[in-house]
4 protein chains.
Amino acid sequence: MYFNIDPKKNIPLYEQIIHQVKEMCAKGILKPNEKLPSVRELSSQIVINPNTVSKAYQELERQGVIITIRGRGTFISEDFDQTYDPRLVEKLRQSLKQVIIDSHYAGISREELIQWLEDVYNEIRGDTSES
Amino acid sequence: MYFNIDPKKNIPLYEQIIHQVKEMCAKGILKPNEKLPSVRELSSQIVINPNTVSKAYQELERQGVIITIRGRGTFISEDFDQTYDPRLVEKLRQSLKQVIIDSHYAGISREELIQWLEDVYNEIRGDTSES
Amino acid sequence: MYFNIDPKKNIPLYEQIIHQVKEMCAKGILKPNEKLPSVRELSSQIVINPNTVSKAYQELERQGVIITIRGRGTFISEDFDQTYDPRLVEKLRQSLKQVIIDSHYAGISREELIQWLEDVYNEIRGDTSES
Amino acid sequence: MYFNIDPKKNIPLYEQIIHQVKEMCAKGILKPNEKLPSVRELSSQIVINPNTVSKAYQELERQGVIITIRGRGTFISEDFDQTYDPRLVEKLRQSLKQVIIDSHYAGISREELIQWLEDVYNEIRGDTSES
DNA sequence: GTGGTCTAGACCACT
DNA sequence: GTGGTCTAGACCACG
């Protein structure tokens, strides 16, 4: 399990961690009940302040992606428990629209974008299969 | 030409303006060479600090979406001049991936997401009568 | 609007702030759209680190109690938007049960407890009336 | 006598034990002078660190709920000896207030809350046949 | 060992 | 001016 954190990006460090954990879960690289590195471990591994890792973990727990057990560490959740928050859905719709429009301006065709989308879903589905 | 700016959203005001101008251009609501309201006009119209509007216009000009002619005002550009910046493309790919993963967690299906994508493209294509 | 924060209590400082803001909202001491003190203001007022206040405000925003507008400050939300989270409801049920049992052991009668409950609701209702 | 301990909950394990013992006593499932399992028995039964069970028992003894007789084991106390500690009472009042306010925000009505309260008291009274 | 809280102080983006 | 992020370093509760 390797993290690729880049402090030079505009996106906050703790969000980069959140994104990568969610991505690894979706792709099946991280399985349910699997243990994540401890806050201190990860923070020294990616050379970052422990508080920043902690913040990422807390947000991930709030989203239901991971659970932390006192004194034992943090683990990938077993259940997703999607609550279908309408505000979140609308937010995602807007985000998608913006990506599409910006892609349009960047000269990326509709077909190319759909290909990207398929690529992502193939990665998600390919490894999540319960073999 | 109506702007729908919401200071309550997390996205910065100046970005909201940028997004909406680009969206209106893509949809054909704003045509090439069309005049945009002046900074002062727009800032009083949407009750916002003029500096914020100015910042949005500057960024739009930098992106080549609009051009400012001193003493005459700002106008929609005629040509896009897409330079296919590989860094931008990669950034967009990452953004799309993130939206997909977050949607996945929000319980939105692949089909639903593709439908959203089609919806956006239909709006873009339907109104840009310059084919 | 006065805060009564006690570092000697076991309950974390940021939670004390959360509780008091919610209480003041429920009682109508804080009205919708009212501005809260800025992070720096409040932190110096109650002699606490700004980060701690910030954490409280962020959690309050996450709960939908307040909203923060970039560069302008934080305000009481207009809408509650209760989503009736079943996990939260169960948690509250458990908390109530525990308070009751502990009260039972502390020699507090059922009638006394109901009286307390009524007292709280009277404060909530009395001032929330839309006069 | 079955314990239902969940390490995933935020509440510390030793407190969960305390709560459950007190609840079982209040409901009459555990009678005065009844013997509790030994620290080792209980810790292996619920798969937990013995120190955690020990800590729970110590706190229960401090509260006067159980008594330990060296060489014979731990037993439920006969008498409660409620000392009406004003600090504890105030603490419970605050806890109740907070549960009510949080319930208010969670969309739980006053009637519902009172119903929950009655439910708990019915369980407590129904089984304590020592009247 | 684990994570959670808090402080002090810095820098940045937005308005 | 506003809040948001990050660091460094401390202390505590839990298991």
Side-chain angles (χ1 to χ4, degrees), chain A residues 5 7 9-17 35-43 46-61 66-75, chain B residues 5 7 9-17 43 46-56 59, chain C residues 5 7 9-17 35-43 46-61 66-75, chain D residues 5 7 9-17 43 46-56 59:
Chain A
I5 302 304
K9 284 192 181 175
N10 287 329
I11 176 171
L13 298 178
Y14 81 96
E15 282 196 16
Q16 294 186 38
I17 296 173
K35 189 176 184 308
L36 285 167
S38 78
V39 169
R40 289 163 174 83
E41 260 183 283
L42 185 52
S43 67
I46 58 185
V47 194
I48 215 181
N49 189 290
N51 287 333
T52 307
V53 176
S54 184
K55 185 172 182 181
Y57 276 14
Q58 284 179 37
E59 174 63 16
L60 280 166
E61 178 162 31
I66 67 177
I67 56 168
T68 110
I69 301 181
R70 337 193 29 129
R72 296 226 261 130
T74 57
F75 304 83
Chain B
I5 303 302
K9 288 195 179 175
N10 287 327
I11 175 171
L13 295 181
Y14 82 97
E15 281 195 20
Q16 292 188 39
I17 296 173
S43 66
I46 56 184
V47 193
I48 217 178
N49 192 310
N51 292 332
T52 306
V53 177
S54 181
K55 187 170 182 181
E59 175 62 16
Chain C
I5 302 304
K9 284 192 182 177
N10 287 329
I11 176 170
L13 298 178
Y14 79 97
E15 281 195 18
Q16 293 186 38
I17 297 172
K35 191 176 183 307
L36 286 167
S38 78
V39 169
R40 289 164 174 83
E41 258 182 286
L42 185 52
S43 67
I46 58 186
V47 193
I48 215 180
N49 190 290
N51 287 332
T52 306
V53 176
S54 184
K55 186 172 182 181
Y57 277 14
Q58 284 179 38
E59 175 62 16
L60 280 165
E61 177 161 31
I66 66 176
I67 55 168
T68 109
I69 301 182
R70 336 192 32 126
R72 295 226 262 130
T74 57
F75 305 83
Chain D
I5 302 302
K9 286 195 181 175
N10 287 328
I11 175 171
L13 296 181
Y14 80 96
E15 281 195 19
Q16 292 187 40
I17 297 172
S43 67
I46 57 184
V47 193
I48 217 178
N49 191 310
N51 291 332
T52 307
V53 177
S54 181
K55 187 170 181 181
E59 175 62 17

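Here is how names work: the chains are called A, B, and so on, in the same order as the sequence lines, proteins then strands, and each is numbered from 1.
Residues passing the side-chain contact (heavy atoms from CB on, under 4.5 Å) test with A:K35 are A:F75, sequence neighbours excluded. The side-chain contact (heavy atoms from CB on, under 4.5 Å) test applied to A:N49 returns A:N51, A:T52, not counting sequence neighbours. By the side-chain contact (heavy atoms from CB on, under 4.5 Å) test, B:P50 is found to be paired with B:V39, B:S43, residues two or more places apart in sequence or in another chain being considered. Every residue meeting the side-chain hydrogen bond (donor to acceptor under 3.5 Å, both in side chains) condition with A:S54, not counting sequence neighbours, appears here in chain and number order: A:Q58. By the side-chain hydrogen bond (donor to acceptor under 3.5 Å, both in side chains) test, D:E59 pairs with D:R62, D:Q63, sequence neighbours left out.
Summarising the geometry, atom CG belonging to C:L13 is positioned 7.0 Å from atom CD1 belonging to C:I5; distances are rounded to the nearest 0.5 Å. Distance CG/D:N10 to CD1/A:I69: 11.0 Å, rounded to 0.5 Å. One distance of note links NZ of C:K55 with NZ of A:K55; it measures 10.0 Å at 0.5 Å rounding. In this structure, the separation between CD1 on A:I48 and CD on A:Q16 is 8.0 Å, given to the nearest 0.5 Å.
If you measure from atom CD1 of A:I5 to atom C1' of F:dT7, you get 16 Å, rounded to the nearest angstrom. Rounded to a whole Å, the CG atom of B:N10 is 11 Å from the P atom of E:dT15. In this structure, C:K9 atom NZ and E:dT5 atom C1' are separated by 17 Å, rounded to whole Å. Taking atom CZ on C:R72 and atom P on F:dG4, their separation rounds to 15 Å, with Å as the unit. The distance between atom NZ of A:K35 and atom P of E:dT2, rounded to the nearest whole Å, is 6 Å. The distance between atom CZ of A:F75 and atom C1' of E:dG3, rounded to the nearest whole Å, is 12 Å. Distance CD1 (D:I11) to P (E:dG4): 16 Å, rounded to an integer number of Å. The separation between C:L13 atom CG and E:dG4 atom P is 17 Å, rounded to whole Å.
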At a cut-off of 3.5 Å, list every protein nitrogen or oxygen paired with a nitrogen or oxygen from nucleotides 9-11 of chain F, distance to 0.1 Å.
from: F:dG9; atom 1: O6; to: A:N51; atom 2: ND2; distance (Å): 2.9

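Comparing B:Y14 and C:K55 by the nucleotide of DNA chain E that holds the closest heavy atom to each, the one mapping nearer the 5' end is C:K55. Ranked by how close their nearest DNA chain F nucleotide is to the 5' end, D:P12 and A:V47 are led by A:V47.
Remark: C:S54 is in phosphate contact with F:dG4, judged by side-chain N or O atoms under 4.0 Å from OP1 or OP2. For F:dG3, neither phosphate oxygen OP1 nor OP2 lies less than 4.0 angstrom from any side-chain nitrogen or oxygen of C:Q58. Within the 4.0 Å cut-off from OP1 or OP2 of F:dT7, at least one side-chain nitrogen or oxygen of A:T52 is found.
Using a 4.0 Å heavy-atom distance criterion, D:I48 is classed as making no nucleic acid contact.
For the pair A:S38 and A:Y57, the minimum side-chain heavy-atom distance is 4.5 Å or more.
Comparing E:dG3, F:dG3, E:dC14 by their closest approach to the side chain of B:E15 singles out E:dC14. Nearest nucleotide to the side chain of C:S38, out of E:dG3, F:dG3, F:dT7: F:dG3.
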Fill in the blank from the handout: Symbol by symbol from the 5' end, with Watson-Crick or G-U pairs under 3.5 Å, [ ] crossing and | another strand, DNA chain E is ||||||||||||||.
